[in-house]
Number of protein chains: 2
Amino acid sequence: MSMVETTPEKTAKPRRRRKEARPQEIIAAGLAEFAERGFAATRLEDVAARAGIVKGTIYRYFDSKETLFEAALSSGIGPAFEALPEIVADYDGSTFDLIRLLISRLYETLFIPEVELLARIIISEGHRFPAVAELYYRLLVGKGRDILRRIIERGLARGELLPSPLSATPEVLIGPVVMAIVWNTIFDRLDPIEPRRFLEAHLDLLEKALGRNG
Amino acid sequence: MSMVETTPEKTAKPRRRRKEARPQEIIAAGLAEFAERGFAATRLEDVAARAGIVKGTIYRYFDSKETLFEAALSSGIGPAFEALPEIVADYDGSTFDLIRLLISRLYETLFIPEVELLARIIISEGHRFPAVAELYYRLLVGKGRDILRRIIERGLARGELLPSPLSATPEVLIGPVVMAIVWNTIFDRLDPIEPRRFLEAHLDLLEKALGRNG
DNA sequence: TGAGATAATGACTATAAAGTCATTATCGTC
DNA sequence: GACGATAATGACTTTATAGTCATTATCTCA
């Protein structure tokens, strides 16, 4: 009937055996889906489709949806923030400049697309998954707090800061970055925050507050 | 056999017809469940149980799970923040004192338990529900921004502030409150933020930044 | 006080998606 | 270039829960 040789029915895509590459691809697909829809509403079939495989294949590499979720959340947070402690240890400029550097790095890191996906998942699902919350508490909060405390102590020792409610609760200093991430998670489609602009205002605030004796 | 008259099998709780009270009770129950488990993972049967009714009854008052969700989210945000615009309009003290007042009110309001439930839902589900995001964008963001802008303009006019990146993006000023809410959503079980303490540090930061010429 | 109106019930259906597994295709090796 | 090991498949089972509806109990008011 037809002159051209057509593929008549289903075009069955050829299989490929890629034992090594699969887990990472599945995790990447899962990350995207979980960040978009949340854990409960994510369908493993969609994750599979995004990874170019079939649902059953996921189960060769992960025991359950929850196992995949945890694997996805464990991937690549640590590395992103690894460089920070050194920066602080080696620094010899003013306290304000050090804080400025820290905050700038935070914006750079948190707005890396893959890190942003992770952040969205933690923001949306952290409450429902105590194990996840605990993991991130150790990995991010603990370390971040250490760094901040060290900076504050250094500033007090150098006479650039005075003891105050702020130096006792320095987490307040990073409030605006957190707000920017959350904002962009919720209102990205309506009115996204432009990180550079927000960073500039954030640094302006910190300079006004801490930058007298540079 | 027994001397006391026991209720032998199922103690069928007596029905009560309470057409007026039901919707609010269902919404309150839904709010609690949605905030705890998220939209997708919340079971209407649990909502019903919490409201002291049976699943079918929910459908006498709401067309679907999503309708209930939207009703819950529409309840009681507006009222919570209604007082703010007046405060600004009537104020005649320094700009810093006005900002101090605004921020204090924000903490008071956001940590009201019912408001906190709403905040949790928005934080967790805002991204998945564009209609919800839009609603809150209008109700909260729009109004909040107006108030902030008015304060900044007033400060500039009175010579208490100077044009700067911060005055162009004053949202940065409320970053720490947002962070506190998000923090308590995720890490409430591990290391909750004590609002008063955080507020104190937040105000300390703002005073250092803006409070020179009080 | 009893009859009509309807709020509430709970047993039911439909559906969607997690998880399983026998079968099939691929690939390295001999 | 055939063979064995196993990665990948897709059809299947199971389970959970959203949504329906005929029945039942409660309330109101004549």
Side-chain angles (χ1 to χ4, degrees), chain A residues 7-73 121 125 128-129, chain B residues 7 9-34 36-73 121 125 128-129:
Chain A
T7 27
E9 316 254 293
K10 300 169 193 167
T11 311
K13 209 177 54 178
R15 295 183 184 180
R16 282 287 126 79
R17 311 179 116 206
R18 299 177 45 251
K19 187 179 161 55
E20 314 305 329
R22 289 303 186 212
Q24 267 314 310
E25 290 173 3
I26 295 168
I27 282 174
L31 222 45
E33 292 288 324
F34 287 136
E36 190 60 31
R37 312 201 193 296
F39 176 80
T42 288
R43 285 170 310 199
L44 251 23
E45 232 160 279
D46 292 344
V47 174
R50 191 185 275 258
I53 53 173
V54 122
K55 188 176 60 171
T57 305
I58 293 177
Y59 286 91
R60 298 202 71 72
Y61 299 98
F62 302 96
D63 288 344
S64 68
K65 190 182 179 185
E66 206 158 326
T67 304
L68 169 60
F69 184 66
E70 278 155 19
L73 281 165
I121 298 174
E125 309 281 0
R128 268 212 80 204
F129 292 88
Chain B
T7 27
E9 315 255 296
K10 301 171 196 169
T11 312
K13 210 176 55 178
R15 294 183 186 181
R16 282 288 125 78
R17 309 179 119 208
R18 301 178 43 250
K19 187 179 162 54
E20 314 306 329
R22 289 303 185 211
Q24 268 313 312
E25 291 173 3
I26 295 168
I27 283 174
L31 222 44
E33 292 288 325
F34 288 135
E36 189 60 30
R37 310 201 194 295
F39 176 80
T42 289
R43 286 172 309 202
L44 251 25
E45 232 161 280
D46 293 343
V47 174
R50 192 185 273 258
I53 55 175
V54 121
K55 188 177 59 171
T57 305
I58 293 177
Y59 285 90
R60 297 203 71 73
Y61 299 99
F62 302 95
D63 288 343
S64 67
K65 190 183 178 183
E66 205 159 326
T67 304
L68 170 59
F69 184 65
E70 278 155 18
L73 281 165
I121 297 174
E125 309 280 0
R128 267 214 80 206
F129 292 88

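Chain letters run A, B, ... following the sequence lines, proteins first, then strands; residues in each count from 1.
Side-chain atoms of B/Lys55 come within donor-acceptor range of the base of D/dA18, with a qualifying N/O pair under 3.5 Å.
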Give each protein N/O atom lying under 3.5 Å from an N/O atom of nucleotides 28-30 of chain C, with the pair distance.
none

Please tabulate, one pair per line, each protein N/O and nucleotide N/O from nucleotides 2-4 of chain C that are separated by under 3.5 Å, including the distance.
none

Shorter than 3.5 Å, N or O on both sides, protein versus nucleotides 21-24 of chain D: list them out with atom names.
unit_1: D/dT24; atom_1: O2; unit_2: B/Arg15; atom_2: NH1; d: 2.5

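Residue whose closest nucleotide on DNA chain D sits further toward the 5' end, between B/Arg16 and B/Asp63: B/Asp63.
Under the ring pair (Phe, Tyr, Trp, His ring centres under 6.0 Å) criterion, A/Phe62 pairs with no residue, sequence neighbours left out. Shown here are the side-chain contact (heavy atoms from CB on, under 4.5 Å) partners of A/Ala41, two or more places apart in sequence or in another chain: A/Arg37, B/Ala40, B/Arg128. With sequence neighbours excluded, no residue forms a side-chain hydrogen bond (donor to acceptor under 3.5 Å, both in side chains) with A/Arg15. The side-chain contact (heavy atoms from CB on, under 4.5 Å) test applied to A/Glu25 returns A/Arg18, A/Ala21, A/Arg22, not counting sequence neighbours. Judged as a ring pair (Phe, Tyr, Trp, His ring centres under 6.0 Å), and not counting sequence neighbours, the contacts of B/Phe69 are B/Phe34, B/Phe39, B/Phe129. For A/Glu36, the side-chain contact (heavy atoms from CB on, under 4.5 Å) partners at least two apart in sequence or on another chain are A/Arg189, B/His127.
In terms of heavy atoms, B/Tyr61 sits closest to B/Pro23 at CD2-CG, 3.8 Å.
For the atom pair OG1 (B/Thr67) and NZ (B/Lys65), the distance works out to 12.0 Å, reported to the nearest 0.5 Å.
Atom CG in A/Leu68 sits roughly 16 Å away from atom P in C/dA17 (whole-Å rounding). Atom CZ of A/Phe69 is separated from atom P of C/dA17 by 18 Å (rounded to the nearest Å). Rounded to whole Å, atom C1' of C/dA17 lies 8 Å from atom NZ of A/Lys65.
Under the 4.5 Å side-chain criterion, counting only non-hydrogen atoms from C-beta, A/Asp46 is in contact with A/Arg43. Side-chain contact between A/Asp63 and A/Leu68: absent, with no pair of heavy atoms (C-beta onward) separated by less than 4.5 Å.
Exactly one residue among B/Leu31, B/Ile27, B/Thr42 makes a side chain to side chain contact (heavy atoms under 4.5 Å, CB included) with B/Val47. That residue is B/Thr42.
B/Phe62 comes within 4.0 angstrom of no nucleic acid atom, judged by non-hydrogen atoms across all strands.
Applying a 4.0 Å cut-off to non-hydrogen atoms, none of the residues of residues 18-28 of chain A approaches DNA chain C. Listed by residue number, the members of residues 41-53 of chain A with any heavy atom below 4.0 angstrom from DNA chain C are A/Thr42, A/Arg43, A/Leu44.
Side chain of A/Val54, nearest nucleotide from D/dT26, C/dG10, D/dG10: D/dG10.
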Using residues 49-58 of chain B as the side-chain source, report each donor-acceptor pair under 3.5 Å to any protein atom, sequence neighbours left out, with the distance given to one decimal.
unit_1: B/Arg50; atom_1: NE; unit_2: B/Glu33; atom_2: OE2; d: 2.9
unit_1: B/Arg50; atom_1: NH2; unit_2: B/Glu33; atom_2: OE2; d: 3.2
unit_1: B/Thr57; atom_1: OG1; unit_2: B/Val54; atom_2: O; d: 3.4

